[in-house]
Undergrad: 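Here's a structure for you.
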Amino acid sequence: MRRTAMLAAAAAALASTGLAACGADYDGNGSSKARAGVTAVQEEITGVDWGPCDLDAMFEDAELDAAAAAWAEALECGEVRVPVDYERTDGDQVRIALVRHPATGERTGSLLVNPGGPGGSGIELAQYPFLPDAVTAAFDVVGFDPRGVGRSRNLTCGDDTDFDAAVSAVALDDPDSLAETETDALRDGAATFSDGCADQVDPDFLEHLGTQNVARDMEVLRNALGDEKLTFLGYSYGTYIGQMYLYLYPDRVRAMVLDGVMRTSGDVLDLAEGQAQGFETAWRAFLDYCLGLPDCPFTGADAADAELESMLTTALDGVNGDLTVGLLTDMVAQSLYSEAKWPRLEAVLAAFGDGTVQEFLDALQSLAEDEGASRPTRLPPPPLPRRDTDANFYGVQCVDRANPSRFGSYQDSAADGYADSALFGAGISWSYLPCATWAASDPGPDSVDGDGAPEVVLVGNLGDPATPYPWAEAVADALDAAVLLTYQGSGHTAYTLGHKCIDDPVTAYLVDLDVPEAGLRCPQELG
């Protein structure tokens with residue numbers, strides 16, 4: 001799915017571990033050199049030199065309420081240097097940027113947080129208050145930008161313009177009926193983008209952006225922060241970071257919460273298949289909600305796909321520019337990402353025809369871009385391709401998995417996705433196409449059992465569009481010690497969204513190590 005780039009384009013157009021437990025060698029692919037490298041770095045880095053943050057640069061023009069302003073005043077910033085390649089600690093290095101909010105009460109230790117992506121900034125997550133008071137009293141809240149992200153040597157490369165246009169043009173079309181010119185545009189656009197990254201980026205850096213190295217960085221951070229064991233909260237792709245840490249360092253975990261769980265198995269097309277089904281599930285859940293309201297613009301669930309496409313096509317007839325139905329459909333998909341957006345999405349669609357086309361398009365875009373609709377900060381980025389000036393999504397996702405190189409595999413996946421979800425499925429598969437020609441590969445394990453780790457808490461939403469609930473079930477089954485909490489609603493992730501049934505047991509686990517009741521299922525809450 002085309003996230004940030006599509007919305008940016010719209011704005012311009014509107015001008016407006018089985019494997020993990022092999023003996024004591026928990027380091028990926030049996031790399032004793034990398035394990036020794038982490039140890040050597042830990043011996044050298046004995047702490048973090050914290051100092052004041054540049055709040056003007058951090059918040060720019062953001063308007064902060066009293067709570068956010070008080071939180072910001074307490075923030076401290078720092079960095080830790082780590083090797084790009086832990087097998088060559090004397091080689092190129094990358095600075096991992098951090099931000100810390102000191103504990104407000106009796107300190108237990110540090111809580112590392114990650115919002116997802118790949119490409120999401122842990123600094124941007126931690127620079128706002130979003131956790132319960134009991135958590136912030138007990139922990140220094142520490143956010144870090146993973147290697148290749150944000151302030152940690154952000155990966156920016158390639159030219160995605162042609163690829164983005166090619167995907168947008170065919171996102172809602174049957175992949176088996178595309179013209180040769182359309183498939184050529186997809187193939188050439190993806191290759192131009194990936195080749196550009198290969199040409200512009202040090203190949204050693206490109207090869208070592210994968211999540212196993214992020215987990216190694218996190219082990220260095222744990223030690224530098226002075227914590228005997230790690231306490232970690234990961235959302236979305238952040239759950240994959242957590243699983244790689246469990247793969248490498250299961251005996252060094254104090255507590256770990258993984259919310260919106262990514263699967264470790266399969267390639268990017270397996271991810272696309274699950275995400276197509278996930279967005280279709282979320283769309284159907286929204287339709288059930290919408291059809292219960294008197295002004296819902298759809299006549300029924302069976303007709304809704306065609307009625308939405310007709311509505312968006314009609315809207316485009318009234319504007320000039322680079323907008324496509326694919327771009328507008330992506331805005332709808334982004335609005336399914338949070339249950340808190342459902343009332344506004346229904347209202348925007350129901351108001352189609354009441355005002356000008358421009359007003360409709362502005363309202364739809366505004367809703368899609370509202371990242372704070374359900375968490376005091378931004379929503380965790382969905383683990384879906386976002387082709388923008390930052391290539392860090394592909395720099396991680398393509399490296400982490402052994403992906404097909406044949407164009408036909410992606411076309412077959414797009415056809416399967418189209419069958420599962422005519423509105424969303426094909427576009428997701430096509431968006432992964434740069435992985436076919438990506439220059440680097442360092443696949444992680446297919447399964448993680450976390451042998452030696454304490455109980456891990458997983459949180460899954462039945463209607464999560466981006467990390468479908470079956471992924472949480474599969475990871476819970478694979479881990480030796482895990483409890484899965486289920487939110488019986490939609491949206492992406494659940495902890496700290498105001499669902500007391502989820503928030504209270506997770507908070508008690510983080511603070512007091514009280515493991516939640518196994519099999520806990522929490523009812524949907526729609527405002």
Side-chain angles (χ1 to χ4, degrees), residues 17-18 20 111-117 131-132 135 211 215 218 230-250 253-266 271 274-275 278 281 375 380 382-383 444-497 499-524:
T17 353
L111 171 64
L112 268 70
V113 297
N114 182 274
L131 291 161
V135 174
T211 308
M218 198 157 67
L230 175 78
T231 304
F232 177 69
L233 167 62
Y235 292 104
S236 194
Y237 161 74
T239 70
Y240 193 85
I241 299 175
Q243 290 175 74
M244 290 304 101
Y245 191 90
L246 287 172
Y247 171 59
L248 301 175
Y249 309 107
V253 174
R254 173 189 172 272
M256 183 175 288
V257 176
L258 307 180
D259 185 1
V261 184
M262 280 282 290
R263 60 185 286 179
T264 58
S265 61
L271 297 184
Q275 291 166 335
T281 297
R375 184 172 282 117
D446 282 337
S447 181
V448 174
D449 61 24
D451 181 28
E455 207 90 24
V456 173
V457 171
L458 311 180
V459 182
N461 296 4
L462 287 182
D464 190 321
T467 52
Y469 184 73
W471 294 359
E473 292 180 303
V475 171
D477 288 343
L479 291 173
D480 284 354
V483 172
L484 174 59
L485 309 186
T486 303
Y487 174 64
Q488 295 176 292
S490 292
H492 185 42
T493 75
Y495 180 54
T496 71
L497 297 187
H499 305 308
K500 184 177 176 61
C501 179
I502 294 288
D503 288 354
D504 286 357
V506 172
T507 296
Y509 167 74
L510 286 172
V511 175
D512 299 318
L513 298 181
D514 292 337
V515 178
E517 170 191 349
L520 178 65
R521 299 177 76 85
C522 297
Q524 183 180 40

Undergrad: Quick one, E517 and P505 - any side-chain contact, counting heavy atoms below 4.5 Å?
TA: no

Undergrad: Where do Y509 and A255 come nearest, in terms of heavy atoms and distance?
TA: OH-CA, 3.3 Å

Undergrad: Taking all non-hydrogen atoms of both residues into account, name the closest pair between M262 and L271 and its distance.
TA: CE-CD1, 4.1 Å

Undergrad: With rounding to the nearest 0.5 angstrom, report the CZ to OH distance, R521 to Y487.
TA: 13.0 Å

Undergrad: Under 3.5 Å, side chain of D446 to main-chain N/O of S265, donor-acceptor pair present?
TA: no

Undergrad: Kindly indicate whether the side chain of L462, heavy atoms from C-beta on, has any atom under 4.5 Å from the side chain of T486.
TA: yes

Undergrad: Are the side chain of Q243 and the backbone N or O of L258 linked by a donor-acceptor pair below 3.5 Å?
TA: no

Undergrad: Under the side chain to side chain contact (heavy atoms under 4.5 Å, CB included) test against V506, which residue among V135, V257, L233 passes?
TA: V257

Undergrad: Within the 4.5 Å heavy-atom criterion, are D259 and Y235 side-chain neighbours or not?
TA: yes

Undergrad: So which atom in Y247 and which in P250 form the shortest heavy-atom distance, rounded to 0.1 Å?
TA: O-CD, 4.2 Å

Undergrad: Measure across S236 and P115 and return the closest heavy-atom pair with its distance rounded to 0.1 Å.
TA: CB-O, 4.1 Å

Undergrad: Picking from D480, L246, L479, what satisfies side chain to side chain contact (heavy atoms under 4.5 Å, CB included) with D451?
TA: D480

Undergrad: Rounded to the nearest 0.5 Å, what's the gap from OG1 on T239 to CG on N114? Could you check?
TA: 9.5 Å

Undergrad: Are side-chain heavy atoms of T264 and M244 found at a separation under 4.5 Å?
TA: yes

Undergrad: Checking R254 side chain against L510 main chain: does a donor-acceptor pair fall under 3.5 Å?
TA: yes

Undergrad: Under a 4.5 Å cut-off applied to non-hydrogen side-chain atoms, are V261 and T467 in contact?
TA: no

Undergrad: Which heavy atom of P516 sits nearest to which heavy atom of V483, and what is that distance?
TA: O-CG1, 3.8 Å

Undergrad: Any non-hydrogen side-chain atom of W471 less than 4.5 Å from a side-chain atom of Q275?
TA: yes

Undergrad: Quick one: are T281 and P468 in side-chain contact, heavy atoms under 4.5 Å?
TA: no

Undergrad: Show the nearest heavy-atom pair for residues P465 and H492, with the distance to one decimal.
TA: CD-N, 4.3 Å

Undergrad: Does the side chain of Y495 come within less than 4.5 Å of L485's, by heavy atoms?
TA: no

Undergrad: Are the side chain of N461 and the backbone of G463 linked by a donor-acceptor contact shorter than 3.5 Å?
TA: no

Undergrad: Assign the ring pair Y249 / Y245 to parallel, tilted or perpendicular, where the plane angle (0 to 90°) is split at 30° and 60°.
TA: tilted

Undergrad: Working note: V459 + T493, criterion side chain to side chain contact (heavy atoms under 4.5 Å, CB included); need CA distance, chi angles, decisive distance, verdict.
TA: CA-CA 7 Å; V459 182; T493 75; over 6 Å; no

